[in-house]
Q: 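Attaching a single structure in structure tokens format; questions to follow.
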Amino acid sequence: MTMFELLFVAGAVGAVGFMAVIAAGRSGMGNWVIAAMLATGFMAFSLVPIIEEGPMVVVANHTVNFWGVQVWFDLLFALGSAVFLAAPRARRVGMAIGPWLIPVVLLGSIGLFVLLARLFWLEQNTPAQA
């Protein structure tokens with residue numbers, strides 16, 4: 001198995017495991033520390049291909065064939081769905097969602113993890129409304 005195939009499998013196993021833990025959980029609130037750690041870890045991992053291959057390879061990966069474009073749309077839909085689901089919670093705790101979309105648009109899921117870390121922190125530290 002190549003390093004890329006191992007990373008592919010590790011990512012799939014990690015994501016399925018993470019989703020299973022979330023599905024089994026009972027808490028309605030997210031953990032801001034976990035979201036911040038995911039943002040930091042994934043940014044560190046993302047720096048490797050950025051440094052090794054350059055940032056423009058992202059465009060090439062998503063424009064070379066139908067599968068590349070399909071993956072691009074899948075990423076856009078996933079980010080859009082996550083923001084759609086997070087926005088009402090953000091408004092409830094007084095978080096202006098607009099400025100937080102900038103890192104989401106520029107960094108993808110890394111920016112989404114940053115947005116979620118802030119949202120979860122606010123949910124845990126904002127007094128409940130009567």
Side-chain angles (χ1 to χ4, degrees):
M1 237 182 187
T2 69
M3 176 184 62
F4 299 119
E5 291 167 335
L6 288 171
L7 288 170
F8 177 87
V9 171
V13 169
V16 169
F18 186 69
M19 288 184 271
V21 169
I22 292 170
R26 300 187 206 305
S27 174
M29 244 185 251
N31 186 315
W32 71 270
V33 174
I34 292 173
M37 288 172 50
L38 286 168
T40 303
F42 192 43
M43 186 66 211
F45 177 78
S46 298
L47 287 174
V48 173
I50 290 169
I51 291 167
E52 290 289 319
E53 301 173 11
M56 292 311 294
V57 176
V58 172
V59 175
N61 282 336
H62 296 301
T63 58
V64 71
N65 57 31
F66 282 118
W67 274 116
V69 175
Q70 188 278 340
V71 169
W72 174 244
F73 278 106
D74 188 53
L75 293 169
L76 294 174
F77 288 141
L79 287 171
S81 297
V83 170
F84 174 77
L85 293 170
R89 289 173 65 168
R91 288 187 195 98
R92 236 184 330 268
V93 293
M95 180 178 164
I97 196 75
W100 291 93
L101 295 180
I102 295 168
V104 174
V105 169
L106 294 176
L107 301 171
S109 59
I110 297 166
L112 178 63
F113 288 136
V114 171
L115 179 152
L116 292 175
R118 177 64 177 158
L119 171 60
F120 297 158
W121 186 90
L122 286 171
E123 286 181 332
Q124 294 171 6
N125 294 286
T126 301
Q129 300 293 323

Q: Identify the heavy atoms of Leu115 and Met95 that sit nearest to each other, and give their distance.
A: O-CE, 3.7 Å
Q: For a quick test of reading the model, state the closest non-hydrogen atom pair linking Ser46 to Ile110 and the distance between them.
A: OG-CD1, 3.6 Å
Q: Starting from Val104, can I reach Met37 by hopping between I/L/V/M/F/W/Y residues whose side chains sit under 4.5 Å apart?
A: yes
Q: Starting at CG of Leu107, measure out to CD1 of Ile102 and round the result to the nearest 0.5 Å.
A: 11.0 Å
Q: Distance check, rounded to the nearest 0.5 Å: Glu123 atom CD versus Leu116 atom CG?
A: 9.5 Å
Q: If you group Ile, Leu, Val, Met, Phe, Trp and Tyr by side-chain heavy-atom gaps below 4.5 Å, do Leu119 and Phe42 land in one group?
A: no
Q: Would you say Glu5's side chain and Thr2's backbone share a donor-acceptor pair under 3.5 angstrom?
A: yes
Q: Asn125 side chain to Trp121 main-chain N or O, any donor-acceptor pair under 3.5 Å?
A: yes
Q: Under a 4.5 Å side-chain heavy-atom rule over Ile, Leu, Val, Met, Phe, Trp and Tyr, are Leu38 and Val16 clustered together?
A: no
Q: Which heavy-atom pair separates Ala96 from Pro99 by the least distance, and what is that distance?
A: O-CD, 3.4 Å
Q: Side-chain heavy atoms under 4.5 angstrom apart, residues restricted to Ile, Leu, Val, Met, Phe, Trp, Tyr: same cluster for Phe4 and Ile51?
A: yes
Q: Taking the side chain as every heavy atom from C-beta outward, state whether Val69 and Asn65 have any atom pair closer than 4.5 Å.
A: no
Q: Are Val114 and Leu79 connected, step by step, through hydrophobic side chains (Ile, Leu, Val, Met, Phe, Trp, Tyr) whose heavy atoms are closer than 4.5 Å?
A: yes
Q: With ring-ring contact (aromatic ring centres under 6.0 Å, His included) as the rule and sequence neighbours excluded, what pairs involving residues 68-114 come up?
A: His62-Trp72
Q: Side-chain contact test, heavy atoms from C-beta onward, threshold under 4.5 Å: evaluate it for Leu7 versus Met3 and give yes or no.
A: yes
Q: Please name the pair of heavy atoms, one in Ala117 and one in Trp32, separated by the smallest distance, quoted to 0.1 Å.
A: O-CB, 3.1 Å
Q: How far apart are the closest heavy atoms of Asn31 and Gln124, and which atoms are they?
A: CA-NE2, 4.0 Å
Q: Given side chains that start at C-beta, do those of Val9 and Met1 come closer than 4.5 Å, heavy atoms only?
A: yes
Q: How close do Leu112 and Ala82 get, counting heavy atoms only, and between which atoms?
A: CD2-CB, 3.5 Å
